[in-house]
Amino acid sequence: FSCASGEYLEMKNQVCSKCAEGTYSLGSGIKFDEWDELPAGFSNVATFMDTAVGSAENKADSCNNSSWTPRGNYIESNRDDCTVSLIYAVHLKKSGSVFFEYQYIDNNIFFEFFIQNDQCKEMESTADKWVKLTDNGEWGSHSVTLKSGSNILYWRTTGILMGSKVVKPVLVKNITIEGVAYTSECFACKPGTFSDKPGSSGCQVCPRNTYSEKGAKECTKCKEEMYYADEGSSACIERPPCTNKDFFQIHTPCDKEGKTQIMYKWIEPKICREDLPNALTLPPSGERKDCPPCNPGFYNNASSSCTPCPPGT
């Protein structure tokens with residue numbers, strides 16, 4: 001028995017009903033996209049791996065405080081040389097999958113993802129358990145098929161400390177597990193998102209200069225003359241006074257008279273205010289001046305740009 005995405009099982013009547021506005025469901029899936037705290041069902045286990053005799057016992061105690069740490073939109077791995085596993089156990093009524101997004105940019109930390117059954121035997125689907133590195137700032141994705149029955153999911157990291165160099169942690173977000181029989185409740189849209197129709201399978205991101213709180217049916221506009229908000233915001237932010245970091249200068253192309261001038265432009269999107277005390281306004285354009293001469297091998301043929309000299313000249 002399973003419900004479609006956008007629906008939940010009403011336990012009393014044993015029927016699938018549409019999720020209300022401001023909520024969503026994956027039908028036969030569960031999604032973890034809020035990491036203000038460790039969601040129910042997740043746990044951390046920290047150990048210290050060392051082959052040197054005697055050192056592991058002393059070091060083991062120092063790993064007691066090592067863990068994956070929730071950071072709002074994602075969860076962050078340890079930065080030390082402990083081995084820390086983020087663990088989640090799920091029972092699937094049918095075969096399914098697990099999907100997650102991650103940032104993994106530092107090869108001084110080992111990052112592996114694998115699955116065990118309830119007899120602690122590692123599943124065949126995680127033969128290639130080492131997760132690939134990602135480019136700096138880019139989010140990669142990883143998905144693995146799951147068999148019906150008990151699945152214990154492990155995200156495991158081990159740092160290698162090289163002198164005083166700081167290890168960059170692994171970040172994980174949007175963990176989605178498909179294959180649960182049904183969901184008996186719909187999930188509220190997280191802050192910065194909304195769903196405006198009943199029966200939604202996901203929430204949409206609030207556009208720029210709007211915001212939403214948890215479980216929103218729509219996004220609320222900021223008072224744009226005083227506040228702004230980036231895409232997917234949970235609150236409006238007061239616009240600061242403009243400074244010299246809010247604009248830049250350009251040289252205009254040479255005109256037909258061979259003149260150019262300096263002009264100033266605001267960095268877009270402009271978020272600062274010019275009407276606050278001590279705020280800077282956009283400087284006026286500079287005087288028109290003669291254009292600099294063309295580089296060797298180029299000439300100006302009474303146009304606004306330099307042209308390469310013809311062959312043989």
Side-chain angles (χ1 to χ4, degrees), residues 2-11 15-42 68-76 86 88 90 92-94 96-103 134 137-144 146 153 155 171-224 227-237 269 271:
S2 62
C3 296
S5 58
E7 297 180 341
Y8 71 102
L9 181 65
E10 268 191 72
M11 302 300 285
V15 293
C16 293
S17 298
K18 285 188 174 182
C19 291
E21 296 170 350
T23 68
Y24 75 98
S25 96
L26 302 174
S28 62
I30 46 179
K31 185 174 184 178
F32 301 98
D33 58 1
E34 282 188 79
W35 298 94
D36 296 314
E37 57 186 5
L38 200 62
F42 280 87
W68 286 75
T69 308
R71 299 287 188 201
N73 286 329
Y74 57 84
I75 188 165
E76 177 184 285
L86 178 68
Y88 185 77
V90 64
L92 300 189
K93 296 292 185 186
K94 56 185 179 181
S97 63
V98 56
F99 167 90
F100 61 90
E101 294 178 68
Y102 70 95
Q103 276 189 21
T134 59
E138 297 291 317
W139 287 92
S141 63
H142 191 82
S143 61
V144 177
L146 300 175
L153 316 180
W155 291 262
L171 314 180
V172 171
K173 68 175 184 179
N174 291 339
I175 297 174
T176 306
I177 300 167
E178 291 280 0
V180 296
Y182 57 81
T183 179
S184 57
E185 61 179 343
C186 299
F187 301 100
C189 292
K190 70 176 184 176
T193 67
F194 71 102
S195 75
D196 56 356
K197 295 183 182 69
S200 293
S201 59
C203 302
Q204 301 173 62
V205 176
C206 288
R208 181 179 292 280
N209 290 328
T210 68
Y211 75 97
S212 76
E213 295 176 348
K214 190 170 185 174
K217 301 175 185 178
E218 59 184 4
C219 302
T220 306
K221 284 189 175 181
C222 302
K223 292 181 180 177
E224 286 193 40
Y227 298 91
Y228 76 99
D230 292 325
E231 194 177 76
S233 290
S234 59
C236 297
I237 302 169
I271 63 169

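For the numbers below, each heavy atom of this structure counts, side chains included, while hydrogens, waters and symmetry mates do not.
By the 4.5 Å heavy-atom criterion applied to side chains, Tyr228 and Cys236 are not counted as neighbours. Contact annotation: the side chain of Ile175 approaches that of Trp155 to within less than 4.5 Å [non-hydrogen atoms, C-beta and beyond]. Looking at Lys18 and Ser200, their side chains never come closer than 4.5 Å, going by heavy atoms from C-beta outward. Between Ile75 and Leu171, every side-chain heavy-atom pair lies at or beyond the 4.5 Å cut-off. With contacts defined as side-chain heavy-atom distances shorter than 4.5 Å, the pair Pro198/Glu21 qualifies. Side chains of Asn174 and Lys31 form a contact here, defined as non-hydrogen atoms less than 4.5 Å apart. Using a 4.5 Å cut-off on side-chain heavy atoms (C-beta onward), Glu231 and Val205 make contact. When side chains are defined from C-beta on, Ile177 counts as touching Leu146, because their heavy atoms get closer than 4.5 Å.
A donor-acceptor pair is defined here as one N or O able to donate and one able to accept, closer than 3.5 Å; no such pair exists between the side chain of Lys190 and the backbone of Lys214. A donor-acceptor pair is defined here as one N or O able to donate and one able to accept, closer than 3.5 Å; such a pair exists between the side chain of Ser195 and the backbone of Thr23. A donor-acceptor pair under 3.5 Å is formed between the side chain of Asn209 and the backbone N or O of Ala229. With hydrogens and angles ignored, the 3.5 Å screen pairs a side-chain donor or acceptor of Ser25 with a backbone N or O of Glu7. Ser212 places a side-chain N or O within donor-acceptor distance of the main-chain N or O of Thr193, the cut-off being under 3.5 Å.
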- Query: Given Leu153 and Val98, is the side chain to side chain contact (heavy atoms under 4.5 Å, CB included) satisfied, shown in steps?
  - Reply: CA-CA 9 Å; Leu153 316 180; Val98 56; 4.0 Å; yes

- Task: Dump the intermediate steps for side chain to side chain contact (heavy atoms under 4.5 Å, CB included) on Gln103 and Tyr74, then the final yes or no.
- Result: CA-CA 10 Å; Gln103 276 189 21; Tyr74 57 84; over 6 Å; no

- Show your working on side chain to side chain contact (heavy atoms under 4.5 Å, CB included) between Gln204 and Asp196 and close with a plain yes or no. CA-CA 9 Å; Gln204 301 173 62; Asp196 56 356; 3.7 Å; yes

- Message: I'd like to know whether Tyr102 forms a side chain to side chain contact (heavy atoms under 4.5 Å, CB included) with His142, so could you lay out the CA-CA distance, the side-chain angles of the two residues, the decisive distance to 0.1 Å, and finally the verdict.
- Response: CA-CA 8 Å; Tyr102 70 95; His142 191 82; 4.0 Å; yes

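Taken to the nearest 0.5 Å, the CG atom of Leu9 stands 4.5 Å off from the SG atom of Cys3. A distance of 6.5 Å separates CG of Leu86 from CG of Leu38, quoted to the nearest 0.5 Å. In this structure, Phe99 CZ and Ser141 OG are separated by 4.5 Å, a value rounded to the nearest 0.5 Å. Residue Glu185 holds its CD atom at 11.0 Å from CE of Met11, rounded to the nearest 0.5 Å. To the nearest 0.5 Å, atoms CG (Asn73) and CD (Glu101) are separated by 11.0 Å.
Look at Arg208 and Asp230 and you find a salt bridge, because one of the NZ, NE, NH1 or NH2 atoms lies within 4.0 Å of a carboxylate O, short of that distance.
Separation of the Phe100 and Phe32 ring centroids does not fall under the 6.0 Å cut-off. Taking the ring centroids of Phe42 and Trp35, they lie under the 6.0 Å cut-off.
Summarising the local packing, NZ of Lys173 is surrounded by more than 12 heavy atoms from other residues, nucleotides or ligands at distances under 6.0 Å. The environment of CD in Glu10 is crowded: more than 12 heavy-atom neighbours from other residues, nucleotides or ligands sit within 6.0 Å.
Listed here is the closest heavy atom pair of Thr210 and Cys219: OG1-CB, 3.6 Å. Of all heavy-atom pairs between Phe194 and Cys206, the closest is CD2-SG, 4.2 Å. Residue Cys203 comes nearest to Tyr24 through the heavy atom pair SG-CD2, 3.4 Å, listed as atom of the first residue, atom of the second, then distance. In terms of heavy-atom proximity, Val180 sits nearest to Lys94 at O-CE, 4.3 Å. Tyr88 approaches Ala40 most closely through the heavy-atom pair CE1-O, 3.9 Å.
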